[in-house]
Amino acid sequence: MSILKFLFGQHKQSASLAKERLQIILAHERSARSPRRPDYLPALQRELLAVVSKYVKIQPKDIKVSFGRQRNIEVLEVKIELPEAVRA
């Protein structure tokens with residue numbers, strides 16, 4: 001009985017494990033090809049506006065937060081345009 005279990009039981013488990021791993025790899029590859037915007041970006045932009053506004057008078061349009069991919073690296077870019085009077 002153990003020989004049958006060895007021959008047939010292990011093969012079935014490893015096949016399902018290989019299938020699961022392949023699905024994970026495919027999902028990762030698909031997401032790498034088309035970077036999606038993370039859900040937290042709008043909240044991050046609002047919070048940055050609140051913090052910077054404590055020290056410098058800026059408008060919501062002056063802060064831009066973007067998410068992208070360059071080569072194999074995910075990039076979070078934050079641009080804050082300061083008023084002329086603050087720049088030194």
Side-chain angles (χ1 to χ4, degrees):
M1 187 73 164
S2 63
I3 295 174
L4 292 175
K5 186 176 180 181
F6 174 76
L7 292 176
F8 297 108
Q10 294 295 330
H11 179 70
K12 187 175 182 179
Q13 289 176 348
S14 65
S16 64
L17 183 61
K19 180 181 175 183
E20 184 179 338
R21 287 180 180 166
L22 181 59
Q23 288 173 338
I24 292 170
I25 291 169
L26 288 174
H28 181 70
E29 287 296 317
R30 286 182 186 144
S31 69
R33 277 190 240 136
S34 60
R36 296 183 329 199
R37 186 176 173 175
D39 296 338
Y40 60 82
L41 287 185
L44 177 63
Q45 189 165 352
R46 286 189 304 272
E47 290 175 19
L48 284 170
L49 177 63
V51 170
V52 174
S53 293
K54 289 181 181 180
Y55 303 98
V56 180
K57 185 172 179 158
I58 60 172
Q59 301 297 318
K61 66 178 177 64
D62 296 334
I63 294 183
K64 293 181 180 58
V65 178
S66 62
F67 179 81
R69 191 166 186 84
Q70 295 177 352
R71 296 181 205 109
N72 291 331
I73 301 171
E74 293 178 344
V75 177
L76 177 65
E77 184 176 23
V78 178
K79 292 183 181 180
I80 301 174
E81 188 175 324
L82 298 174
E84 287 292 326
V86 175
R87 294 181 193 163

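The distance from atom CD of Q59 to atom CD of E81, rounded to the nearest 0.5 Å, is 11.0 Å. To the nearest 0.5 Å, atom NZ of residue K79 and atom CG of residue D62 are 13.5 Å apart. Of the inter-residue distances, the one linking E77 atom CD with K64 atom NZ reads 11.0 Å to the nearest 0.5 angstrom.
Under the 4.5 Å side-chain heavy-atom criterion for grouping Ile, Leu, Val, Met, Phe, Trp and Tyr, L82 is connected to Y55 within one hydrophobic cluster. In the hydrophobic clustering of ILVMFWY residues, with side-chain heavy atoms under 4.5 Å counting as a link, V75 and Y40 come out apart.
Contact record, Q45 with P60: NE2-O, 4.1 Å, taken as the closest heavy-atom pair. Residues I58 and P83 share a closest heavy-atom pair of CG2-CD, 3.9 Å.
Looking at L49, V56, V65, V52 one by one, the single match for side-chain contact (heavy atoms from CB on, under 4.5 Å) with I80 turns out to be V52.
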